Amino acid sequence: MIDYLNGLNERQKEAVTTIDGALMIVAGAGSGKTKVLTTRIAHLMAKGVDAFNILALTFTNKAAKEMKERVEHILGNHEARNLYIGTFHSVFARILRSEATKIGYPSNFTIYDTDDAKSVIKTVINEMNLDDKHYKPSTVYNRISSAKNALVNAEEYKTDWHIQQEDMRSNRPAIAQIYDSYAKRCFKNGAMDFDDLLIKFYELLKTVPESLSKYQRRFKYIMIDEYQDTNPAQYEIIKLLGAMHENVCVVGDDAQSIYSFRGATIENILQFQKDYDNVHLVKLEQNYRSTKNILNVANEVIANNKGQIEKTLFTDNGDGEKIRLVRTMTDNDEGKFVADTIQEQKLRNHYRNKDFAILYRTNAQSRAFEESLRRMSIPYIIYGGISFYQRKEIKDFIAYLRLIVNPKDEEALKRVINYPARGIGKTTIDKCVLYANEQNISMWEVLTKAQQFGFKAGTLEAIDQFVTMIRSFASMFQKNNAYEVAVHVGKQTNLVKELFNDKSTEGLQRYENIQELLNSIKEWVDDTANRQQIDDDGVMIDEQDPFAASDPAQKELSFDAPASPQQTTSNAVTLGAYLQQITLLTDADAKDPDADNVKLMTIHAAKGLEFECVFAAGLEEQLFPNALSINTREELEEERRLFYVVITRAKKKLWISYANTRYKFGQIVQNEPSRFLDELPEDFIDKSYAGGGSRNQGSSFGSGSAFDRLKGGFGNKSNDYDDVAKAEKRYGAPPKTASSKPSFSITPARPQTIEHKPDTDFVASDTSNLQEGQRVEHQKFGFGEVVKMEGSAHNPIATVKFELNGEKKIMLNYAKLRIVS
DNA sequence: CGTTACCAGATTTTT
DNA sequence: TCTGGTAACG
């Protein structure tokens, strides 16, 4: 074992070796927080605490994984794998999987991501005959989400005078009702949204004493990272869990609290000291990350906030360079400046791509940087935006798997029932939902009993085929693993083939994505199989085997396929576990942080990370501080903390940039420089690129001199065709912009229909036996020849080559054709 | 029922 | 600029 206490400073040592009782570690930016946390866990284990008794809650899955590895490294054995480490959401989801039936949920409950949740809300709103323009699903979702994070249930929401006043004021009195219906609908679907993972777990602890004492006894030591970003629900859960042993250690920095929009509250830090006896407080104030200049600027900026926990960050690092303030004409110039500067720094100081991060307030700002980096052939990767599992094709495919696991999952069902098109359209789906509501059964059940509901024969047949297909997937799942089933699903549904046949760039991409999904499922299956072996050796922990206990809810879950319930459940459970895991995965978890590329992300996403060189971009009024967050002192202070967070991400060099104008919805808007720029202490700032002052005045980058100066040495070097081609291969072609289009537009002349006048006695023929080669007349398009027949028997499509109007696809069920010969 | 073409509305941050 | 929802048409 490594002598882990070596190399810790006195404060850090104190934090690590204080193991009993409540401990609060106030850890300034770059003060070695992660090191302290991991060492503390290792210390606990070295002192004989069983890994099974340690719970550590982190902010990201990535952080959890990293901590596990570091503990393993310190101890030099594999005990760390038994630790309970993860995000609040993933740890609770895992526990809930085994306990869900105790609060009435199926063990294989689905986790709804934000899209699913909004879609359910929208359904509910429409069913209540409310206007979804006024009750916008995303607004309502946010409102419900905040309520949940404050542990306010639908009942309390309805009766809380203050909340009702707010809703009245915004003229949305029905939100309480929507909340109620939404919660009921999720329950009926056997689904939990992100917030439910917290509040349902809380409910479990509150209402099921055995579960409470089970987990209280288990988690003898609890540690919470990023404590400043916890919300009341999380706070209460920890309070319950820690009540028996009171060995709760929280680590946080009030200056980095940036998630209040998600219900986080710094109050939790103050409350902590009230709720626990003799809270031991340790402050980590020595910064090991940044230069003196960077730290001085950060300290000065954050000092503008009032009411913080007293602390002074200091460092033994050198002064470093001054922070550079950069002003450009447009957002594109800002992009160009950053790309140029990266190129220059790489050449001059031998930096690698991965030493750079471009950080911004909103995801939309990434565009300009992408373009400029691509043009310079600098490899980059964007964090955030839509994650892999949010892509449409992936979600559609996964919906099949979701449906196999949990047939009550209405969102999944609606996604796949007519994808790919199989003749079950909107009208039919609406009817199904209606019947389901009337009879208070699931939509899936309506489908299985479709004969009872009087659908048209054709529709009935389509439904029947669909039901049979899904059932066959489910029964196949008893003998085969998730990967085999997934491949089978892809084949049976024709999804893979369809994408394969789509030869457009996007189609190709989608096809590759599906392949990647299948690979990841395979990887996961293999991985799980391995773990199973370990588990069989007796290391298995009970949460991973929820079906050891008998389970009454299981029956309604399973399909009426026969045989081996053991197999079914355990397979379904593992697939359920996989599905849960991927909905909780963020973009960042999937990407390799060590890859040699420039990182682009929002400041929120950069929390906890550090880089040699940082570009803090878009320091403009309206944008940063954001226009939506300047209405109260609290909001503004949070924006300032965000600014503090960006600054403190940098180890060696920091650029702060802003543009005079930038594109918004394709329109140019002008912004003033950010008010935060006025708070930068002159002494540590190099303003030579900012035109002399921080406010709009003098010359600036992009308008002339500074840009030219900079360009002189190293400008267009790598811009030759090959590199661009290479880059495009790697990153895809650059998005089309106004500038890349020819200035004259070649709008293809819209193929105009040449009028054809049919005879007054034009009679449509029976086209059910139409053959290729036959000559036909169309009312509008005139005479032509059938060149191709396709489509299904239900929906035959003829391609007709018209003499006057070229090839048209004619749907025989609707269009009228006269057979000439 | 399915496809397409057009128009409106959206951008704060995320598990 | 991009996306999703809808209307109109085949």
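So you know, we letter chains A, B, ... as the sequences are listed, proteins then strands, and number each from 1. Because the structure is a prediction, the values reported are computed rather than measured.
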Report task. Rounded to the nearest angstrom, tell me the gap between atom CG in A/Leu642 and atom P in B/dT14. Result -> 10 Å
Query raised in the report: Are a donor atom and an acceptor atom from the side chains of A/Glu772 and A/Gln774 found within less than 3.5 Å of each other?
Result: no
Requested in this report: Between B/dT13, C/dG4, B/dT14, spot the one nearest the side chain of A/Lys392, thanks.
Outcome: C/dG4
Requested in this report: Taking only the side-chain heavy atoms of A/Thr87 (C-beta and beyond), determine which of B/dT12, B/dT15, B/dT11 contains the nearest atom.
Outcome: B/dT15
Requested in this report: Classify the nucleic acid contact of A/Lys136 as base, sugar-phosphate or nothing, counting any heavy atom under 4.0 Å across all strands shown.
Outcome: sugar-phosphate
Requested in this report: Describe the nucleic acid contact of A/Thr583 in one word from base, sugar-phosphate, nothing, applying a heavy-atom distance below 4.0 Å.
Outcome: nothing
Query raised in the report: In a check of side chain to side chain contact (heavy atoms under 4.5 Å, CB included) between A/Tyr389 and each of A/Leu584, A/Leu579, A/Asp113, A/Ile394, which one passes?
Result: A/Ile394
Query raised in the report: Taking atom C1' of B/dT12 as reference, at what distance in whole Å does atom CD1 of A/Ile630 sit?
Result: 13 Å
Report summary line: All stems that DNA chain B takes part in, i.e. 3 or more consecutive Watson-Crick or G-U pairs with distances under 3.5 Å, are B:1-10 with C:1-10
Query raised in the report: Counting side-chain heavy atoms from CB outward, which of B/dT15, B/dT12, B/dC1 is closest to A/Leu628?
Result: B/dT12
Report task. Look at the side chain of A/Arg367 against the base of C/dT1 and say whether a donor-acceptor pair falls under 3.5 Å; ignore hydrogens and angles. Result -> no
Query raised in the report: Taking the side chain of A/Ser629 as its heavy atoms from C-beta onward, which of B/dT15, C/dT1, B/dT12 lies nearest to it?
Result: B/dT12
Report summary line: Of A/Phe59 and A/Thr459, the one whose closest nucleotide on DNA chain B sits nearer the 5' end is A/Thr459
Report task. Could you tell me whether A/Tyr663 contacts a base, only the sugar-phosphate backbone, or nothing, with contacts defined as non-hydrogen atoms closer than 4.0 Å? Result -> nothing
Query raised in the report: Nearest-Å distance, NZ (A/Lys118) to P (B/dT15)?
Result: 14 Å
Report task. Check whether the ring centres of A/Tyr259 and A/Phe59 lie less than 6.0 Å apart, and answer yes or no. Result -> yes
Report task. Let me know which of A/Glu203, A/Gln234, A/Met192 forms a side chain to side chain contact (heavy atoms under 4.5 Å, CB included) with A/Leu198. Result -> A/Gln234
Query raised in the report: Is A/Tyr259 stacked on the base of B/dT14, meaning ring centres closer than 5.5 Å and planes within 30 degrees of each other?
Result: no
Query raised in the report: Can you tell which of B/dA10, B/dT14, C/dG5 lies closest to the side chain of A/Asn363?
Result: B/dT14
Query raised in the report: Cut-off 3.5 Å, side chains only: do A/Asn142 and A/Thr139 have a donor facing an acceptor?
Result: no
Report task. Go through B/dT15, C/dT1, B/dT13 for me and flag the one nearest to the A/Phe261 side chain. Result -> B/dT13
Query raised in the report: At under 4.0 Å between heavy atoms, what does A/Asp113 touch on the DNA or RNA strands: base, sugar-phosphate, or nothing?
Result: nothing
**Report entry** Spacing of A/Leu585 atom CG relative to B/dT15 atom P, expressed in whole Å
**Finding:** 10 Å
Query raised in the report: Do A/Arg633 and A/Asn305 have side-chain atoms, one donor and one acceptor, less than 3.5 Å apart?
Result: no
Report task. Give a yes/no on whether any side-chain N or O of A/Asn418 is located under 4.0 angstrom from OP1 or OP2 of B/dC1. Result -> no
Report task. Begin from the C-alpha positions of A/Glu638 and A/Arg641 and carry the test salt bridge (charged side-chain N to carboxylate O under 4.0 Å, His left out) through to its verdict. Result -> CA-CA 5 Å; A/Glu638 177 144 327; A/Arg641 289 194 292 270; 3.2 Å; yes
Report task. Please work out if A/Lys456 contacts a base, only the sugar-phosphate, or nothing of the nucleic acid, heavy-atom cut-off 4.0 Å. Result -> nothing
Requested in this report: Check every strand shown and say whether A/Ser90 touches a base, only sugar-phosphate, or nothing at a heavy-atom separation below 4.0 Å.
Outcome: nothing
Query - Nucleotide nearest A/Thr428 when distance is taken to its side chain, options B/dT12, B/dT14, B/dC1 - result: B/dC1
**Report entry** Length of the NZ-P vector between A/Lys133 and C/dT6, whole Å
**Finding:** 7 Å
Query - Over-ring placement of A/Lys431 relative to A/Phe455, 6.0 Å and 45° cut-offs - result: no
Report summary line: A/Lys122 has its side chain closest, among C/dG5, C/dT1, B/dC1, to C/dG5
Query raised in the report: Is A/Asp132 touching bases, backbone alone, or none of the nucleic acid, heavy atoms closer than 4.0 Å?
Result: nothing
**Report entry** Rounded P spacing from B/dT13 to C/dG4 in Å
**Finding:** 16 Å
Requested in this report: Would you mind classifying the nucleic acid contact of A/Lys607 as base, sugar-phosphate or nothing, using non-hydrogen atoms under 4.0 angstrom?
Outcome: nothing
Query raised in the report: Does B/dT14 have OP1 or OP2 sitting under 4.0 Å from an N or O in the side chain of A/Thr602?
Result: yes
Report task. Enter the distance from A/Tyr235:OH to A/Ile224:CD1 here, rounded to the nearest 0.5 Å. Result -> 9.5 Å
